[in-house]
2 protein chains.
Amino acid sequence: MLLSEDVIVDCALRLVGQHGPDALSVRRLGAALGCDPSALYRYFHNTDDLLLAVADRIIGDAMAGFEPDRMPWRDALREMALRIHRGYREQPRVAALAAYRVTRRHHEIRAVDAGIGLLRRAGFGDADAVRHYSAFVDTVLGHAALDAAHLALPPERREADVRAWTGAYAELSDADHPHLAAARAELPLMAGSSFETALELILSALDAAAPGDTP
Amino acid sequence: MLLSEDVIVDCALRLVGQHGPDALSVRRLGAALGCDPSALYRYFHNTDDLLLAVADRIIGDAMAGFEPDRMPWRDALREMALRIHRGYREQPRVAALAAYRVTRRHHEIRAVDAGIGLLRRAGFGDADAVRHYSAFVDTVLGHAALDAAHLALPPERREADVRAWTGAYAELSDADHPHLAAARAELPLMAGSSFETALELILSALDAAAPGDTP
DNA sequence: CGCCTTATGTCAACACCATTGACGCAATGT
DNA sequence: ACATTGCGTCAATGGTGTTGACATAAGGCG
């Protein structure tokens, strides 16, 4: 028994980390494992299934050691968001492929249970807790996917995007773009990630909407 | 001269609209146009180039007729978000690949100018206006990418994701997942898009943070 | 022990995909 | 009238996921 789900997922993460997202193909994976590509179908129904397993591994690693019960719900939600975001940011190439998927696997299920629990602790009713958790986690995943996609770009393309905000965007005619002209000095702020700003906005909105703590 | 950039982009949009996102391939496009697939390379450097041309058309269509000056800044931001989200949602395959790009083109520049203008009108200083616009638009784009990617999935996989929330997720042991158990009846809420909930959260947070209107 | 079943990896093949370079043809400008 | 250019075709290359038949090894059991 050479292969196993874990061995394959390990290898997939290593492969994508080293050779980019396009390296994740059944054939290359088989070559890296030293087995026939079709052998993988003994362990995963198809490539989508494999991708979900990889995504769940990322979630599990990111959430390892998370103990939401030891802190206020806002802080716990913030830490959860930062963990997920960091986990995907460290594997940008996988994140770009998998951030938007429902893995239906163990680690994701645990995370969802914890997240909904935090919002119930904030005083939300069951329906509101689910709705707000959904909005919260999708916002985090959306930013993670965006930032990951940006990180996964070839370096020269990424630098061109950054330069756009400090260079090209700053040279537009003032008449056509009065607000860009007024805020010209601040435009480089557009180049970085806005994840933390958005996270604090969402958290403050949830705080304002929460019926009341039940600590 | 049978072909042209416009004819090809038109056909690509029609093709995706009629036969689903997977229909967008050079071969099918060639077949639909009645020409050899390789003829498209006379007009576009590669498929990515073609995709960006299609994306540019989508952005232009989505923002056409937007007049932010005619309404309160919150309503204008909301409409802007809905327009961008709808535009991408109608072309999921294109959105999934292009939502995170900085186009640096005309329509994007206009939108950024308008958005920053709205936050300046809300009373934010230049730096805060840029920071908050960045967080706002990235949240919208992140959700658009997520929803689009979900819609771009093959139908049976999308349905499997939806079923996960109504089926598999509802059958977990209560002891291991107390909050999922408590909110079991509400879990199907996780299956749909959370974009509008998140949008209202962000808008209310911006509203609360705004120093004061300058209408 | 010997047989039968099951698990697991191999192999060849199918049907797609993007992309490229050589080729022919027709129109255009000189 | 001739050369050049633009444009579509053709054939080929090398990549992709997935499938079904085949071989081989491992246990379970009479």
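Quick note on labels: first sequence line is chain A, next is B, and so on, each numbered from 1. Only a predicted model underlies this, so the values are computations on that prediction, with no experimental measurement involved. All values below come from the heavy atoms of this structure, side chains included, with hydrogens, waters and symmetry mates left out.
- In this pair, A/Phe195 and A/His85 present their aromatic rings parallel. The plane angle is below 30°, not in the 30 to 60° band.
- The distance from atom CG of A/Leu29 to atom P of C/dG9 is 13 Å, rounded to the nearest whole Å.
- Looking at residues two or more places apart in sequence or on another chain, you find a side-chain contact (heavy atoms from CB on, under 4.5 Å) between A/Ala53 and A/Val9, A/Phe44, A/Arg105.
- Between the CG atom of B/Asp49 and the P atom of C/dT19 there is a distance of 10 Å, rounded to whole Å.
- Contact between A/Tyr43 and A/Glu5 at its shortest, heavy atoms only, is O-OE2, 3.7 Å.
- When all heavy atoms of B/Ala148 and B/Ala95 are compared, the pair lying nearest together is CB-CB, 3.4 Å.
- One interatomic measurement links the two molecules: CG of B/Leu40 to P of D/dG8, which rounds to 10 Å at whole-angstrom precision.
- Remark: A/Arg121 CZ to A/Trp73 CH2 distance equals 10.0 Å, nearest 0.5 Å.
- Taking atom CD1 of A/Ile8 as the reference point, atom P of C/dT8 lies 11 Å away to the nearest angstrom.
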Base-contact (B) and sugar-phosphate-only (S) positions in nucleotides 9-19 of chain D, heavy-atom cut-off under 4.0 Å, - elsewhere: BB-----BBBB
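- With hydrogens and angles left out, the side-chain atoms of A/Ser4 and A/Asp6 include no donor and acceptor closer than 3.5 Å.
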